[in-house]
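All values below come from the heavy atoms of this structure, side chains included, with hydrogens, waters and symmetry mates left out. To find a chain, count down the sequence lines: A is the first, B the second, and so on, and within it residues start at 1.
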Number of protein chains: 2
Amino acid sequence: MTAVVRLLLADDEHLIRGALAALLALEDDLVIVAEAASGPEALAMARAHRPDVAVLDLQMPGADGVKVATSLRAELPDCQVLIVTSHGRPGHLKRALAAGVRGFVPKTVSAQRLAEIIRTVHAGNRYVDPELAADAIASGDSPLTAREAEVLELAADGAPVAEIAERAALSQGTVRNYLSSAATKLGAENRHAAVRLARERGWV
Amino acid sequence: MTAVVRLLLADDEHLIRGALAALLALEDDLVIVAEAASGPEALAMARAHRPDVAVLDLQMPGADGVKVATSLRAELPDCQVLIVTSHGRPGHLKRALAAGVRGFVPKTVSAQRLAEIIRTVHAGNRYVDPELAADAIASGDSPLTAREAEVLELAADGAPVAEIAERAALSQGTVRNYLSSAATKLGAENRHAAVRLARERGWV
DNA sequence: GCGCGCTTCTGACATTTGTCATGCCGAGCG
DNA sequence: CGCTCGGCATGACAAATGTCAGAAGCGCGC
């Protein structure tokens with residue numbers, strides 16, 4: 001018999017969090033010691049309750065799962081982080097692993113499977129969903145340079161070049177050049193399509 | 001004592017669907033007779049099992065909750081539809097109600113609350129989350145004409161005007177005009193920002 | 001040290017887009 | 001009927017954007 005695993009559950013959707021809590025509580029060796037509905041709350045709860053494993057949703061108000069994981073890694077090195085997500089973008093997986101996350105799974109897994117994965121992660125092993133891993137490998141690394149990505153991000157909400165230039169403290173010509181080269185690298189018709197593609201691949 | 005309510009549960013996320021099923025099954029008067037992971041599957045399951053209430057996720061592969069609701073309304077008029085969603089956009093609510101949906105709630109409600117709402121809907125009453133209803137009223141109706149909305153939708157993926165014109169069988173000038181007036185009505189700087197705004201409000 | 005790639009900028013040019021004046025048509029109204 | 005008004009469509013013009021060539025500085029690896 002393994003030791004009891006103390007869990008922190010963070011997801012902004014009460015319905016899902018509650019349902020998940022109920023299901024995981026059915027497992028004898030899992031106990032939920034805290035729940036949170038936002039990034040900052042998750043962090044506060046983790047500090048207060050020092051769980052063994054933190055199960056975090058990727059998208060939460062305040063701070064996303066990866067940011068929370070980064071802070072957690074620094075403050076509570078003994079707490080393993082497992083990220084659960086609805087929309088698995090390749091780039092997110094890469095960022096998560098870089099942040100020291102031990103597990104990354106889509107919400108399409110069953111509860112039993114999730115319980116097993118929680119135990120795997122608690123034992124100090126890693127677990128990444130095979131499908132997401134395959135996507136990440138297939139899509140490869142971002143071909144964008146740091147500045148290209150930065151400028152593309154500023155262009156994300158459809159702002160005109162003048163505004164982007166001001167916010168990035170660059171000349172308009174330079175901004176256009178970055179946008180142009182980013183669009184070319186991504187094979188997009190224009191910068192807006194480029195933004196969409198980069199989003200899909202988790203490169204922004 | 002009310003009669004037993006036979007449920008169809010449709011959500012593409014296994015984890016959530018399973019958890020939800022487990023929680024709702026705890027209620028004596030609720031029984032899940034079918035589950036589905038996509039729009040078409042939900043439809044097929046409904047035909048086969050003829051549930052009293054269909055609980056549908058708004059975003060599913062194949063066909064979204066509103067489309068499924070429309071078909072269901074036509075094929076199984078006795079089956080009440082309740083839509084559950086993560087991201088409640090005002091326009092979606094409006095479209096859902098127009099499609100004959102009886103209930104519309106965000107995933108932030110608790111499972112007990114959901115069970116109550118299922119009973120409400122089964123009794124033939126309507127239920128709309130107050131917060132979402134307020135948003136819908138506040139954001140008002142779409143100021144866009146049919147063509148404006150159509151063209152804006154075609155512009156959604158960042159396609160150039162030429163492509164939109166071809167797909168809409170319009171001249172490029174006309175397309176530009178619609179995009180321009182749509183952007184003006186929405187108070188956006190350009191069509192891309194307009195697309196973003198219309199998306200947020202569920203008008204596309 | 002030298003080459004290479006990233007960053008930044010400039011200026012010129014072609015293309016795309018946004019804006020405007022204008023005209024057509026059908027619905028509603030006095 | 002004749003009028004206005006809103007939706008629909010078009011082409012011309014102006015502004016924004018995309019593309020290209022060139023150039024200078026910087027840091028990194030061989």
### Message
Rounded to whole Å, how long is the line connecting atom CD of B:Glu150 with atom P of D:dG7?
### Response
15 Å
### Query
Going through the checks in order, is the salt bridge (charged side-chain N to carboxylate O under 4.0 Å, His left out) test met by B:Glu150 and B:Arg147?
CA-CA 5 Å; B:Glu150 183 188 331; B:Arg147 280 280 190 277; 3.4 Å; yes
### Query
At under 4.0 Å between heavy atoms, what does B:Ala146 touch on the DNA or RNA strands: base, sugar-phosphate, or nothing?
nothing
### Message
Regarding A:Glu13 and B:Ser86, do their side chains bring together a donor and an acceptor under 3.5 Å, going by distance alone?
### Response
yes
### Query
Can you tell me how far P of C:dT19 sits from CD of B:Glu148, to the nearest Å?
13 Å
### Query
Salt-bridged, A:Arg73 to A:Asp78, with N to O below 4.0 Å?
no
### Task
State whether A:Arg89 and A:Glu200 are salt-bridged, where the test is any N-O pair (Lys NZ or Arg NE/NH1/NH2 against Asp/Glu carboxylate O) under 4.0 Å.
no
### Message
Side chains of B:Ser181 and B:Glu148: any donor to acceptor distance under 3.5 Å?
### Response
yes
### Query
Expressed in angstrom and rounded to an integer, what is the separation of A:Asn190 atom CG from D:dA16 atom C1'?
13 Å
### Task
Would you mind reporting whether B:Val101 and B:Arg95 have side-chain heavy atoms less than 4.5 Å apart?
no
### Summary
Rounded to whole Å, CZ of B:Arg191 lies from C1' of D:dA15 at a distance of 14 Å
### Query
Just how far, in rounded Å, is P of C:dC20 from CG of B:Leu179?
15 Å
### Task
Return the value, rounded to whole Å, for the distance between atom CG of A:Leu186 and atom P of D:dG18.
13 Å
#### Entry: Phosphate OP1/OP2 of C:dT7: any A:Thr145 side-chain N/O under 4.0 Å
yes
Below 3.5 Å is the cut-off: list the nitrogen or oxygen pairs between protein and nucleotides 8-13 of chain C, distance only.
residue : atom : partner  : partner atom : Å
C:dT8   : OP1  : A:Arg147 : NE           : 2.6
C:dT8   : OP1  : A:Arg147 : NH2          : 3.0
C:dT8   : OP2  : A:Arg147 : NE           : 3.0
C:dT8   : OP2  : A:Tyr178 : OH           : 2.7
C:dC9   : OP2  : A:Ser171 : N            : 3.0
C:dC9   : OP2  : A:Thr174 : OG1          : 3.2
C:dC9   : N4   : A:Asn177 : ND2          : 3.1
C:dT10  : O4   : A:Asn177 : ND2          : 3.2

